[in-house]
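Structure first, then comments.
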Amino acid sequence: MDFQIEPAYEAKKHEDSIYKKWEESKAFSPKIDPNKKPFTISLPPPNATGTLHLGHAAMIAIEDIMIRYHRMQGYAALWVPGTDHAAIATQSVVEKKLQAEGIKNPRQELGREKLLLHIRKFVEESRSTIRNQIRKMGASCDWSREKYTMDEDMNVAVNTLFGRMYEDGVIYRGGRIVNWDPNMQTTVADDELEYKEEKAKLYYFKYGPVTISTARPETKFLDKVIVVHPKDKRYKKLVGKEFEFEWIDGPIKAKMIADDCIDMKFGTGAMTITPAHSLVDYELAKRHKLEAPQIIDFNGKIKPEVSKEFAGLSITEARAKIVEKLREKGLLVKIDEDYTHKVAVNYRGKGTIEPQIMKQWFVDVNKKVIQWKKKKCSIKEVLQDCIQSKMIKIVPRRFEKIYFHWIDNLQDWCISRQIWWGHQIPIWHKVTAEQLKILNSKNDTSTLDLERLNINEEVQFSTTQPKSGQWFRDPDTLDTWFSSALWTFATLGWPNHTEDFKYFHPTDVLETGYDILFFWVARMILASTYALRSDKLPEEQCIPFKTVYLHGLIRDINGKKMSKSNPETCIDPLDMIEKYGTDSLRLSLVMGSSPGNDMRLYEEKIAGYRNFVNKIWNASRFALMNIEKKDLDAEFNESMIKSNADKWIMTELQKLIKSADHDLKNHQFSGAGTKIYDFIWNQYCDWYLEISKGGQKNPAVLLYVLKNILKLMHPFVPFVTEAIWSNIGKTMLITEKWPEYNNKFIFKNEAKATELTKEIITKIRSIRSESKVEPGKKIHAFVYGGKNTENIEQDKETIMRLARLETMELSISGEKVKEAKSIFLNDIEIHLPFKGMLDLDKEKKNIQAQIDQKNNFISALEKKLSNKEFIKKAPKEIIEKDMERLNSEKEQLQKLKDQLIEL
RNA sequence: GGGCGCUUAGCUCAGCUGGUUAGAGCAUCUCGUUUACACCGAGAGGGUCGAGAGUUCGAAUCCCUCAGCGCCCACCA
């Protein structure tokens, strides 16, 4: 025995040192090589200050499988890692931290530069955590090319794209209704909203000639319009008229208009509108050219201009008081207590959204400025075309539909955020000396101040202070998704067309959760096509990736979203790595999951795969116990394959290589994994190794199959396979060549003989178990099976050993066995004909049924092919395919007929 | 209101373009320490593939209807 290996695999002992070896070998860093094809993935950058959760773990596992598979296939496989600055999330964490330290209003007290310093320090301190956690997962990504969305060169890229879009008039500043979060004092994009169901009161008030219903009386001060449906008979005569009546702060005048957005069945069918604080009302007001006065200020309080009595009150305070006042005036009709409605909240921080009208920066999605396939196209059209023309494929397919639907409803994208952590908008506003003084007098000057001062519309795009005149830089930063939209190409050096960029872009696969299809995926397509088309690259090089693979969400055992607030079912990937090893965790995240579908994860599943990892380890250990060091040097060739079992396992291995390859190419990772798993455990271990324990030991095949198993399994379980490989390989497994399907190693007849041997053994075992043979009783088996008998003659020893037979008589016909029968009288006897022959009639019937089925099919197909109309209409390929099918079916039919005759 | 997905063994899920007797893991039951592994081995039980109708020689798979669950989108004041 030349190899000394411990009897159990301890992941902790190996993982860190193996990862270090990989890194040091530079296996993760592909060189630009014109003789190789590139394969690129950009890691969706986790939050720089975050920690690894199961979603990340699943993402890394899947991406690493793709990268390792391609690397072994000889691609220059590049996986670019990085982290995201997560603007709102990070700034609010740091602000809260500072507040806890006694700085009540960090923005006001510290000012921009100092606060940013605190944030940078915080990010720097916590950034290594996530990096190390990615390493823990075994990610074979190229750390030498690591990026951070706030890197200096990322800023250059962001500003470059911003500049081009600004010059094209695609980025514009405009007053529009936006989602304002009074808590965080910033705007939020439409798709960053979440809707929470909330129970509320629905108030009915007398409002001039009608009764209106509202859940938000506090916004109703200046409502001057009653809206009804044009077809509503109750109000038809009143439309267009003006009314004067008593309201919250005395008498007001209001006009009635008609619009078909009104639901006649809701409430009384009449409503008033508050354009400044409701997205719907704003659209309606725009259609009817109505005023939109601000009622609630940016802190969520009633403005003094609106009402002296209620000035400065918060929404909830004001609501109660206003309702009380209207009740006193006798205008309150009733209160519906059982009303539920949806409240928009910021998905980060969960603050309630208060729609506001304000000046913000937008990306125009409808302006036709992109030169795309010989036409001027808008962003919207390009986004559509990329998927429609199949330049980009989404896996699974159904998400393409969802994507199109989203684009149809796409509105201009609000890209400015009123926070400081992020890429500051490279725009300068022209101001007067006096205005500049006011703006500079405050630490926390915001875009609201610009609005209050009513500054000049003149702006200039520049990343540095313009020289002549007084200019004030726009205080806002860009939406995080604006910078992460450039991820695929800016990480490769853009705006410079570096060697990396030219070689590795477009990337091959973007793998991410379906929950950020809109947030991120669509925006990456937007940024990439815009930026690279303006570089005059051909269209097919402008897409950020060729395939989008969307994985599902990881849920807990009850199907709920995993959250730390539920520690019983919440799983921390790092705990699992500690307990079961990375390989086990990776398998549990990949196996049994399919793209786009959510998956439940629980500890038992991970433990199950730990058992498998250990099985690989021990199977290898056994194989190596039967191999000598000198065997490692021998080149494997056909003549080394000897027994039926050898030929069978070699044949099975070829089948496995073929199907695993097919699955991996088609993003069916679970399928590939399951097939390899089954091969290792149920074929190699349970049969081949067991057979090997007898006289049929063959180190050459043992080793050859082992090596191939390790290679096939490596993308899934990189650590344990590499650990085993270190005993037998000269170089590391990570850079070994992927197994190739080889016709030479297919042995149909011998493989079939071994299948028969397996069946016989299984059958005897089953009989033994069912008939409850007492321990110590001897079993004598008589096996007879026609012409196949000769083929399994050499497996006699194996059958006897594995089925634990005392004696075995093998014969072509049953006659000889009958004679031998009298020899064994006292012990258990088993008469075992080959498969099916036990019940000859049944077998015959079975085959006859199959023949009938084939006959039916063939006649149906022939009928179809003799139909002249079909021949005329159908495409050639289909007819050819049918012809092929017909021939193969006929062949199969003949085989079945032969079988029947044989019986 | 519109769209999408899921429903397969007790549990968690595979099942790609229709094709032998529908699979796996876990759990259950019965055996078993044998040249690696008890994180093991052998065997067994367990499914009218959500319901109904249709296309087909043939349906878990394709079409339609319905039900339950879940998700996304959208202008319920």
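Within every chain, numbering begins at 1; the chains are lettered A, B, ... in the order of the sequence lines, protein sequences first and strands thereafter. Because the structure is predicted, anything quoted here is derived from the model rather than measured.
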task: Would you indicate what A:S278 reaches in the nucleic acid, counting non-hydrogen atoms under 4.0 angstrom: base, sugar-phosphate, or nothing?
output: nothing
- prompt: Starting at CG of A:L589 and ending at C1' of B:G25, how long is that distance when rounded to a whole Å?
  reply: 15 Å
Nearest-neighbour nucleotide for the A:A619 side chain, B:G25, B:A14, B:A36 considered: B:A36
- prompt: Would you say the base of B:C4 and the side-chain of A:K401 have a donor-acceptor pair closer than 3.5 Å?
  reply: no
query: Considering every strand shown, what is the Watson-Crick or G-U wobble mate of B:C16 when both distances are under 3.5 Å?
result: none
message: Within the 3.5 Å criterion, strictly below it, is a donor on A:Q683 or A:K758 matched to an acceptor on the partner's side chain?
response: yes
message: Under a 3.5 Å cut-off for both contacts, is B:A9 paired Watson-Crick or G-U wobble with anything, and if yes, with which nucleotide?
response: none
query: Now, which nucleotide makes the Watson-Crick or G-U wobble pair with B:G58, with each of the two distances under 3.5 Å?
result: none
task: Considering only atom C1', compute the distance from B:C75 to B:C13 and round it to an integer number of Å.
output: 41 Å
query: Within a radius of less than 6.0 Å around NZ of A:K380, do more than 12 heavy atoms belonging to other residues, nucleotides or ligands occur?
result: yes
- request: Using a cut-off of 6.0 Å, state whether more than 12 heavy atoms not belonging to A:K393 lie near its atom NZ.
  value: no
message: Could you check whether the side chain of A:R398 and the base of B:C4 have a donor-acceptor pair of N or O atoms closer than 3.5 Å, going by distance alone?
response: no
- prompt: Under 4.0 Å between a side-chain N/O of A:K615 and OP1 or OP2 of B:G41, yes or no?
  reply: yes
query: Do the side chain of A:E690 and the base of B:A36 come within less than 3.5 angstrom through a donor-acceptor pair of N or O atoms?
result: yes
task: Write down the distance between CZ (A:F716) and C1' (B:G25), rounded to a whole number of angstrom.
output: 16 Å
Nearest-Å distance once atom C1' is located in both B:G68 and B:G50: 8 Å
- prompt: Where the side chain of A:Q668 is defined as all heavy atoms beyond and including C-beta, which of B:C16, B:C40, B:C72 is the nearest nucleotide?
  reply: B:C16
- prompt: If you measure from the P atom in B:G70 to the same atom in B:U12, how many Å do you get, rounded?
  reply: 15 Å
message: Would you measure the distance from the P atom in B:C6 across to the matching atom in B:C16 and give it in whole Å?
response: 11 Å
- request: For the side chain of A:T762, starting at C-beta, report the closest nucleotide among B:G32, B:C72, B:G43.
  value: B:G43
field: A:Y580 side chain to A:N611 side chain, donor-acceptor N/O pair below 3.5 angstrom
entry: no
query: Counting any heavy atom closer than 4.0 Å, what does A:W681 reach on the DNA or RNA strands: base, sugar-phosphate only, or nothing?
result: sugar-phosphate
- prompt: Of the candidate nucleotides B:C73, B:A42, B:G43, which contains the atom at the shortest distance from the side chain of A:H405?
  reply: B:C73
- request: For B:A22 and B:G46, measure between their P atoms and round to the nearest Å.
  value: 13 Å
- request: May I ask you to say what A:S620 touches in the nucleic acid, namely base, sugar-phosphate or nothing, with a heavy-atom cut-off under 4.0 Å?
  value: nothing
query: Which nucleotide, B:G43, B:U12, B:U34, lies nearest any side-chain atom of A:R765?
result: B:G43
- prompt: Can a salt bridge be assigned to the pair A:K12 and A:E10 using a cut-off of 4.0 Å between side-chain N and carboxylate O?
  reply: no
- line: Whichever of A:C685 and A:I402 has the more 5' nearest nucleotide on RNA chain B, that residue is A:I402
task: Would you check if there is a donor-acceptor pair between the side chains of A:E354 and A:N179 at a distance under 3.5 Å?
output: no
- prompt: Who is the Watson-Crick or G-U wobble partner of B:C4, with both distances under 3.5 Å?
  reply: B:G70
task: Using the C1' atoms only, state how far B:C63 lies from B:A59, rounded to an integer number of Å.
output: 12 Å
message: Between P on B:U12 and CG on A:D556, what's the gap in Å once rounded to a whole number?
response: 12 Å
message: Does B:C31 have OP1 or OP2 under 4.0 Å away from a side-chain N or O of A:R768?
response: no
- line: Under a 3.5 Å limit on both distances, the Watson-Crick or wobble mate of B:A53 is none
query: C1' atom, B:G2 versus B:C62: distance in rounded Å?
result: 25 Å
field: Rounded distance in Å between the P positions of B:U30 and B:G45
entry: 15 Å
- prompt: In the strands shown, is B:C31 matched to any nucleotide by a Watson-Crick or G-U wobble pair with both distances under 3.5 Å, and which?
  reply: B:G41
- request: Map A:A607 and A:M591 onto RNA chain B by nearest heavy atom, then report which one ends up closer to the 5' terminus.
  value: A:M591
- prompt: Would A:E603 and A:K579 pass as an ion pair if we require N to O under 4.0 Å?
  reply: yes
task: Could you tell me the separation between the CD1 atom of A:I764 and the P atom of B:A42, rounded to a whole number of Å?
output: 15 Å
field: Pair of N/O donor and acceptor under 3.5 Å linking B:C75 base with A:E283 side chain
entry: no
message: For a quick check of understanding: with a heavy-atom distance under 4.0 Å over all strands, which category does A:K697 fall into, base, sugar-phosphate or nothing?
response: base
- prompt: Quick one: do the A:H288 and A:D259 side chains pair a donor with an acceptor below 3.5 Å?
  reply: yes
field: Nearest-nucleotide pick for A:L689, side chain only, options being B:C75, B:A36, B:C40
entry: B:A36
- prompt: A:K665 NZ to B:U17 P: how many Å, rounded?
  reply: 19 Å
- request: Quick one: label A:D678 by what it contacts on the DNA or RNA (base, sugar-phosphate, nothing), any heavy atom closer than 4.0 Å.
  value: nothing
message: For A:Y609 and A:Y677, take the angle between the two ring planes, folded into 0 to 90°, and tell me which bin it lands in: parallel under 30, tilted 30 to 60, perpendicular over 60.
response: perpendicular
- request: Using a 4.0 Å heavy-atom cut-off across all strands, classify A:R610 as base, sugar-phosphate, or nothing.
  value: base
- request: Check the distance between B:A14's P and A:F669's CZ and give it to me in whole angstrom.
  value: 15 Å
message: Checking base pairs now: Watson-Crick or wobble, both atom distances under 3.5 Å. What partners B:A36?
response: none
- line: Side-chain contact check for A:I262: nearest option of B:C13, B:A77, B:A36 is B:A77
Minimum-distance nucleotide (side-chain atoms of A:R621 versus B:A77, B:C16, B:A36): B:A36
- request: Have a look at A:T214 and say if it touches a base, only the backbone sugar-phosphate, or nothing, with a 4.0 Å heavy-atom cut-off.
  value: sugar-phosphate
- prompt: Between A:S594 and B:A14, does any side-chain N or O lie under 4.0 Å from OP1 or OP2?
  reply: yes
